[in-house]
Structures are given as C-alpha cells and as structure tokens.
J.: 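Okay, handing you the structure first.
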Amino acid sequence: MDFETIILELKNQGLYNDIKTIESPQGAYLTIRGEKKLNLCSNNYLGLASHPRLVRAAREAIEKYGVGTGSVRALSGTHALHIELEERLAKFKGADPLRQSFSEARAALVLQGGYVANLAAIQTLLGKEDVVISDELNHASIIDAIRLAQVGNKFIYKHNDMADLRVKLEEAAAVRKTPRADGQERVVLIVTDGVFSMDGDLAPLPEIVALAKEYGCMTMVDDAHGEGVLGEHGRGITHHFGISGEVDIEVGTLSKAFGVMGGFITGKKPLIEFYRQKARQFLFSNGLSIPDTAALIESVKILEESDELVKRLWERVRFLKEGLLKIGFDCGASKSPITPLMIGEEVLARDFSGRLYEEGVYATAIKFPMVAKGRARIRLMPSAIHEEHDLEFALSVCEKVGKELKVLS
Ligand SMILES: Cc1ncc(COP(=O)(O)O)c(C=O)c1O
C-alpha cells in the first residue's frame with residue numbers, strides 16, 4: 001500500500017486531520033504551540049476535566065493505592081473504588097436498591113471507554129441469529145459493535161423517522177417468528193444515540209420506547225453526549241424525557257461531561273451481572289486506573305450535590321446559539337450543546353476552521369467520514385466554563401470569517 005499517496009489525497013480532498021497538541025490543562029482556553037486559543041471544540045461540558053476536586057481526589061488515591069490495577073477486573077483488578085463508582089453511577093441514574101427487588105433494581109458496569117461500552121453492550125447480547133434495528137446516524141462505535149457481533153439480521157431506519165422504524169419492526173417481526181437454532185427466542189434490539197454527536201439533535205426516545213413495548217423488543221441508548229448535560233443534575237436523556245428506567249440498556253461515557261475517561265452500562269441488575277460475567281471487553285482487558293476512578297467518583301459527587309454547572313452550561317448554550325442564528329448561520333437541528341455551523345463542502349469547512357484558528361478560536365471542522373460527504377460543518381462546543389465575553393468574542397470571529405468566506409451573505 002502506498003501510504004504517502006493516501007495521505008496526500010486526504011490533504012487534497014480537505015480530509016486530512018491536522019491533530020493539534022495541547023500544552024495546557026483543558027479549560028475555556030487552550031495553549032497550542034505557545035499560543036492561547038479560545039477552546040470551542042472539547043466535550044468538557046462542565047469543566048470537570050481540570051476541576052480542583054477531581055485533581056485532589058486523583059492525587060489522594062494515588063498516594064493511598066498507587067496507580068495501576070495490576071490485572072483485568074475479572075481476576076485481581078477490581079478495586080473497591082471501581083465498585084464505589086459503579087454504585088454511585090447506578091444511583092445517579094435512578095437505581096434505588098433499598099426499594100427494588102434484585103430483578104427490578106438497576107446497576108452499572110464501568111468499562112474503559114464509551115466506545116468499548118457500546119462494543120460490550122451489543123456484542124455480548126447479540127449474535128448471528130438475533131436482530132438489531134439501528135438509526136442510520138448512530139455513532140461509529142455502535143456500527144462497529146454490530147459488525148463485531150456479526151448480527152445476522154440488521155435493519156437500519158431513517159434518522160429519527162418513527163414511521164420507518166415501524167416498517168423495520170414489522171420486517172423484524174417476520175424474522176422473529178422462527179426461533180434460534182438453540183431453541184431460544186431471537187433477541188430484537190432497537191439501538192439509538194441519545195444526542196446525535198454530529199448534529200446535536202435528540203432521539204425521540206419516548207416514541208422509541210413505546211414502539212419497543214408494542215413489538216416486544218429491547219431498547220438501548222448511547223447517551224454519551226447526554227450524561228451530565230440533559231435532565232436535572234445531568235442524569236441523562238431518560239430523565240430529560242421523564243422515562244427513567246424504561247430503556248433496557250443505557251450506555252454513557254465518562255470522558256465528556258464527567259471529565260475523565262471510561263464508559264459505563266446501566267440497566268437492570270441481572271442484565272448488568274450478565275455483562276460482568278460475559279463481556280469480553282470486561283474479561284480480557286484491564287479496567288480504569290486508580291486515579292481515573294477516584295476522580296470519577298468525585299465527578300458523580302459534584303453532579304449529585306448541585307445542578308449549578310448543568311444550568312450554567314445551558315445558559316451558555318442558549319447565548320451562543322441565539323447569537324449565531326441572529327448573525328445568520330444555519331445551526332441545523334441541534335437541541336443540545338453540540339452546535340454545528342453547516343458549511344457543506346469539505347475544503348470550505350477546513351478553511352473556515354483554519355481562519356477561526358488564526359483569529360484565536362479553536363473549533364474543528366467535522367467532515368467525511370464523521371459526516372456524509374458534502375455535509376461538512378464546524379462544530380462549536382460551549383461549556384459551563386466559558387464566560388459570556390468568551391462567547392461574544394467567538395460570535396464576532398465567526399461573523400468575520402463567515403462574511404470573508406461567503407458562508408454568510
Ligand atoms: C455518541 C458517542 N458514543 C460513544 C463515544 C465514545 O466515547 P469514548 O470517547 O468514551 O470512548 C462517543 C465519543 O466520541 C460518542 O460521541
């Protein structure tokens with residue numbers, strides 16, 4: 001393979017990823033090659049990535065327990081901190097172990113990332129003879145998980161289109177009539193992102209749950225961009241819609257609003273225990289390190305204690321979006337902090353991002369393969385740590401560059 005030609009072609013097509021190196025902590029501003037840039041491209045929604053309480057918790061845990069866990073979690077690598085984090089996450093997501101029976105109580109399993117959690121959630125549950133029904137714009141990790149599980153019966157429904165989901169459920173019902181070779185009923189799973197990461201729109205989760213009930217199938221939501229962001233105290237998309245506990249499998253990431261790294265699955269206790277016993281990603285790969293886990297316990301505590309950061313995030317989101325719309329930008333269908341500036345052509349999006357950068361604003365161009373060709377955009381990610389004057393600066397730079405590159409008339 002001629003790798004150099006491949007790289008050159010990527011550059012010519014505007015698809016080359018110019019990965020920048022950050023020299024400062026994650027914050028409202030980043031230092032890159034010695035220069036300070038307004039940070040509008042991190043998923044550090046609440047500013048927890050460098051929060052002093054998380055830093056202190058990580059430092060204290062290292063002093064007490066060291067750094068590594070020594071083994072996969074299924075052998076000697078499950079530390080008491082992992083269990084504390086899982087219990088706190090389950091409670092945060094609505095578990096009430098004192099009032100619920102084992103089969104009804106909810107639990108959590110922490111894995112090494114949101115990507116890995118999606119792989120584990122799907123690969124462990126589904127096999128060749130099962131059925132998956134997936135939104136066409138689902139995250140790459142869901143697509144990869146379905147491939148990895150080699151699911152034999154795969155239906156892709158049009159993005160957020162409930163009429164099309166019903167059509168696919170009918171087709172799936174026909175497949176379901178025959179049992180698996182082992183005599184068991186086929187598992188039918190509807191899977192969707194909660195917040196779609198490139199457009200910022202939300203899945204119509206209550207309607208999906210209602211359809212799943214009607215057709216008797218399971219549901220899964222990847223709430224990577226909803227955890228810590230949607231619902232009171234950032235408890236996620238099911239709380240936002242008032243359907244907590246009604247989605248069978250909820251996947252979250254710990255690398256965005258929670259500020260560190262890792263992923264988790266929540267669901268009823270028997271399901272989570274099934275994953276703990278069977279998921280290859282859990283059994284054959286080490287878990288989170290000691291400082292990561294200790295810092296994450298602190299993140300959950302901060303969110304449990306107060307709604308303040310989540311509220312501040314949403315104030316900033318409203319401020320930025322209203323400003324962009326007033327200037328005349330097309331922000332697509334976003335209903336979350338993810339704020340796209342729709343550009344279209346890849347090279348134009350790259351140039352737009354480049355000019356923003358020269359003017360002091362770091363906001364990445366999102367292009368193929370992250371979105372379809374010709375649907376390139378700039379993705380702005382406001383955070384609770386931005387002040388209004390930071391966003392005013394961003395608005396003035398976006399307007400200047402938009403006019404210069406004729407994205408705005
Ligand atoms: C929707 C969605 N799911 C999963 C992931 C993966 O999460 P992580 O970075 O924790 O692996 C991401 C991160 O980009 C995401 O946007």
Side-chain angles (χ1 to χ4, degrees), residues 17 19 22 26 41-46 48-49 54 85-86 89 108-123 132 134-148 159-160 189-203 205 208 219-230 234 236-238 240 247 249-266 279 281-282 285-289 292-293 295-296 299-300 332-340 363-367 369-371 377 379-383:
N17 205 357
I19 300 170
I22 311 301
Q26 279 291 328
C41 55
S42 294
N43 302 311
N44 182 22
Y45 288 116
L46 304 175
L48 295 181
L54 271 69
L85 176 61
E86 285 169 344
L89 280 170
L109 180 68
V110 169
L111 290 129
Q112 307 86 338
Y115 184 102
V116 180
N118 275 332
L119 295 188
I122 291 176
Q123 190 199 12
V132 69
S134 177
D135 187 290
E136 66 178 341
L137 293 191
N138 275 344
H139 189 255
S141 52
I142 293 177
I143 296 167
D144 292 355
I146 293 169
R147 286 186 189 143
L148 186 65
H159 177 52
N160 276 351
L189 178 72
I190 305 174
V191 55
T192 182
D193 278 17
V195 179
F196 286 85
S197 49
M198 300 302 151
D199 291 276
D201 54 338
L202 307 189
L205 213 49
I208 293 174
T219 45
M220 169 174 156
V221 65
D222 171 3
D223 204 16
H225 287 275
E227 304 288 359
V229 171
L230 294 175
I237 192 164
T238 55
H240 167 81
V247 174
I249 307 164
E250 289 182 55
V251 170
T253 175
L254 299 164
S255 66
K256 300 188 193 297
F258 285 89
V260 189
M261 71 166 299
F264 63 102
I265 311 176
T266 50
Q281 294 75 6
F282 180 79
S285 178
N286 275 246
L288 291 185
S289 74
D292 289 330
T293 315
L296 284 163
S299 301
V300 185
S334 173
K335 293 273 183 300
S336 69
I338 296 171
T339 307
T364 37
I366 304 283
K367 39 200 194 264
M370 287 181 264
V371 291
R377 65 208 58 184
R379 192 173 67 161
L380 302 178
M381 305 294 281
S383 162

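What you are looking at is a predicted structure, and each value in this text was computed from that prediction instead of being measured. Remember, it's 1-based here, ligands and their atoms both numbered in the order they're listed.
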J.: Applying the side chain to side chain contact (heavy atoms under 4.5 Å, CB included) criterion to Ile237, which one of Val247, Val221, Val229 satisfies it?
T.: Val221

J.: Going by heavy atoms in the side chains, are Leu254 and Met261 under 4.5 Å from each other?
T.: no

J.: So if I count the atoms of ligand 1 from 1 in the order they appear, which ones are less than 4.0 Å from some heavy atom of Asp222?
T.: 1 (C), 2 (C), 3 (N), 4 (C)

J.: Could you tell me the residue and atom name of the protein heavy atom closest to atom 5 (C) of ligand 1, and the distance to it rounded to 0.1 Å?
T.: His139 CE1, 3.5 Å

J.: To the nearest 0.5 Å, what is the distance between CG on Leu137 and NE2 on His159?
T.: 5.0 Å

J.: Tell me: protein heavy atom nearest atom 10 (O) of ligand 1, and distance?
T.: Thr253 OG1, 2.6 Å

J.: Per the side chain to side chain contact (heavy atoms under 4.5 Å, CB included) rule, which among Thr293, Leu54, Thr253 passes with Val260?
T.: Leu54

J.: Going by the order shown, which atoms of ligand 1 are within less than 4.0 Å of some heavy atom of Asp193?
T.: 1 (C)

J.: Given side chains that start at C-beta, do those of Val110 and Leu288 come closer than 4.5 Å, heavy atoms only?
T.: yes

J.: Would you say Tyr115 and ligand 1 have an N/O pair spaced under 3.5 Å apart?
T.: yes

J.: Report, in ascending order of atom number, the atoms of ligand 1 lying under 4.0 Å from any heavy atom of Ser255.
T.: 8 (P), 9 (O), 10 (O)

J.: Provide the number and element of each atom of ligand 1 under 4.0 Å from a heavy atom of Gly113.
T.: 10 (O), 11 (O)

J.: In Å and rounded to the nearest 0.5 Å, what is the OG to CG distance from Ser141 to Asp222?
T.: 5.5 Å

J.: Distance under 4.0 Å to a non-hydrogen atom of Gly262: what atoms of ligand 1 satisfy this?
T.: 10 (O)

J.: Looking only at distance, does Gly114 have an N or O less than 3.5 Å from an N or O of ligand 1?
T.: yes

J.: One residue to check: Lys256. Relative to ligand 1, which of side chain, backbone, both or neither has a non-hydrogen atom less than 4.0 Å away?
T.: side chain

J.: Identify, by atom number and element, the atoms of ligand 1 in contact range of Ser197, meaning under 4.0 Å from any of its heavy atoms.
T.: 16 (O)

J.: Within a strict 4.5 Å, meaning less than it, do heavy atoms of the Ser334 and Asp199 side chains meet?
T.: no

J.: With Phe196, which of Asn138, Leu202, Ile338 fulfils side chain to side chain contact (heavy atoms under 4.5 Å, CB included)?
T.: Asn138

